[in-house]
Amino acid sequence: MKVAVVTGASRGIGYAIANALAAKDYKVVGISRNIEPGAPFALTIQADISDIESQTAVLSQIAAKFGRIDLLVNNAGVAPLKRMDILEAGVESFDRLMNINLRGPFFFTQMVVNYMLEGDAVRRIGGEELKKSVIFITSISAVASSPERAEYCVSKAGLSMAAQVYADRLASTGISVYEIRPGVIYTDMTAGVKEKYDKKIAEGLIPEGRWGEPEDIAKAVAALAGGEIPYSTGTIIEISGGMNIRHL
Ligand SMILES: NC(=O)c1ccc[n+]([C@@H]2O[C@H](COP(=O)([O-])OP(=O)(O)OC[C@H]3O[C@@H](n4cnc5c(N)ncnc54)[C@H](OP(=O)(O)O)[C@@H]3O)[C@@H](O)[C@H]2O)c1
């Protein structure tokens with residue numbers, strides 16, 4: 001049995017990740033503020049990732065039911081409720097994004113990897129070596145500036161560095177840490193800016209010429225899960241239809 005914990009699993013990218021991992025025989029624990037038991041989930045837990053005090057109870061539920069965690073996917077995240085120029089952006093929105101996108105996953109990861117380390121980090125299942133992993137879903141916004149949602153960019157840049165530091169600290173333990181940077185993916189988060197990005201994509205914003213789908217990110221997570229790319233950690237994989245390409 002191998003167990004994956006996916007935060008923000010109720011919809012969008014997280015739900016697609018849950019489906020892809022269930023298809024790879026993971027028991028998937030889905031966490032969101034509102035989540036219904038359903039197809040890809042072996043366990044669902046309603047929790048707010050920014051509520052650090054409730055995190056111990058979340059881990060207790062997982063530990064009681066499965067006794068192990070093999071993979072953590074830090075996917076839960078939010079955009080600003082309202083886009084505001086960096087010269088006007090307010091403290092409330094800044095704190096909301098830091099709490100949900102950075103502070104929550106930073107401490108959730110700390111708790112989960114300490115739990116992972118209580119067992120053997122590297123396990124053998126049917127003779128096959130299964131490494132434990134942590135995957136951070138950040139964003140191209142970790143490195144691409146959007147002056148009308150600076151707090152989102154800063155939260156994702158912080159999460160990107162958290163991935164590097166966890167990777168560094170855990171490299172010798174057998175726990176691999178990866179960062180996946182999605183580009184522009186069609187979900188509830190981007191539904192409100194669909195027309196804006198339809199136009200930008202038509203004008204050439206994305207080399208591959210289309211919106212990303214949640215399944216594009218889920219396939220990358222499934223490919224990384226289970227240590228199938230050995231001798232790698234702290235690796236950043238951008239899934240953005242080529243927005244990473246610098247061109248003239
Ligand atoms: N869509 C994109 O273009 C794009 C691009 C780059 C990166 N990303 C990142 O990818 C991740 C998933 O985004 P998405 O597009 O799939 O967004 P989405 O469709 O809005 O889904 C967000 C998920 O996170 C959960 N969530 C939000 N706040 C939470 C909290 N405080 N505690 C626990 N769960 C919470 C939501 O469930 P509840 O509301 O029920 O809690 C939902 O399951 C985010 O980290 C986002 O920043 C998205």
Side-chain angles (χ1 to χ4, degrees), residues 5-20 28-38 40-41 44-55 57-58 72-81 83 93 95-109 112 135-146 149 151-160 162-163 178-194 196-198 200-201 205-206 208 210-218 220-221 236-241 243-244:
V5 176
V6 182
T7 69
S10 64
R11 50 201 163 82
I13 293 170
Y15 189 72
I17 292 170
N19 271 311
V28 179
V29 180
I31 300 173
S32 277
R33 289 167 302 183
N34 296 294
I35 189 163
E36 300 293 329
F41 302 119
T44 50
I45 302 174
Q46 301 216 7
D48 184 332
I49 200 69
S50 68
D51 180 0
I52 311 279
E53 287 182 1
S54 72
Q55 291 183 354
V58 171
L72 167 63
V73 185
N74 284 304
N75 165 77
V78 292
L81 295 172
R83 291 184 175 212
S93 180
D95 288 349
R96 173 174 171 265
L97 265 73
M98 289 303 150
N99 285 336
I100 297 174
N101 292 356
L102 180 57
R103 186 173 176 269
F106 180 95
F107 287 104
F108 191 65
T109 301
V112 169
I135 299 176
F136 288 85
I137 308 297
T138 64
S139 169
I140 53 167
S141 297
V143 288
S145 156
S146 294
R149 51 189 185 113
E151 63 274 52
Y152 183 76
C153 300
V154 173
S155 71
K156 291 296 185 176
L159 194 64
S160 174
Y178 300 102
E179 173 185 352
I180 292 181
R181 269 184 199 160
V184 183
I185 314 296
Y186 193 64
T187 66
D188 290 352
M189 185 179 277
T190 46
V193 287
K194 181 170 187 308
K196 175 180 166 175
Y197 282 104
D198 280 347
K200 286 191 171 201
I201 291 168
L205 174 72
I206 300 173
E208 289 196 15
R210 68 165 175 88
W211 281 84
E213 301 289 341
E215 289 71 24
D216 295 319
I217 308 305
V221 170
I236 301 167
I237 299 177
E238 183 169 319
I239 308 287
S240 66
M243 292 180 80
N244 45 297

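Numbering of ligands and ligand atoms starts at 1, following listing order.
Counting non-hydrogen atoms of other residues, nucleotides and ligands closer than 6.0 Å to CZ of Arg149 gives a total above 12. Glu208 CD: 12 or fewer foreign heavy atoms inside a 6.0 Å radius.
The CZ atom of Phe108 sits 7.0 Å away from atom OG1 of Thr7, with the distance rounded to the nearest 0.5 Å. Put simply, CD1 on Ile100 and CG on Asp48 are 6.0 Å apart, with the number rounded to the nearest 0.5 Å. In this structure, Ile185 CD1 and Ile217 CD1 are separated by 4.0 Å, a value rounded to the nearest 0.5 Å.
Looking at Leu81 and Ser93, their side chains never come closer than 4.5 Å, going by heavy atoms from C-beta outward.
Residues with a heavy atom under 4.0 Å from ligand 1: Gly8, Ala9, Ser10, Arg11, Gly12, Ile13, Ser32, Arg33, Asn34, Ala47, Asp48, Ile49, Asn75, Ala76, Gly77, Val78, Ile100, Ile137, Thr138, Ser139, Tyr152, Lys156, Pro182, Gly183, Val184, Ile185, Thr187, Asp188, Met189, Thr190.
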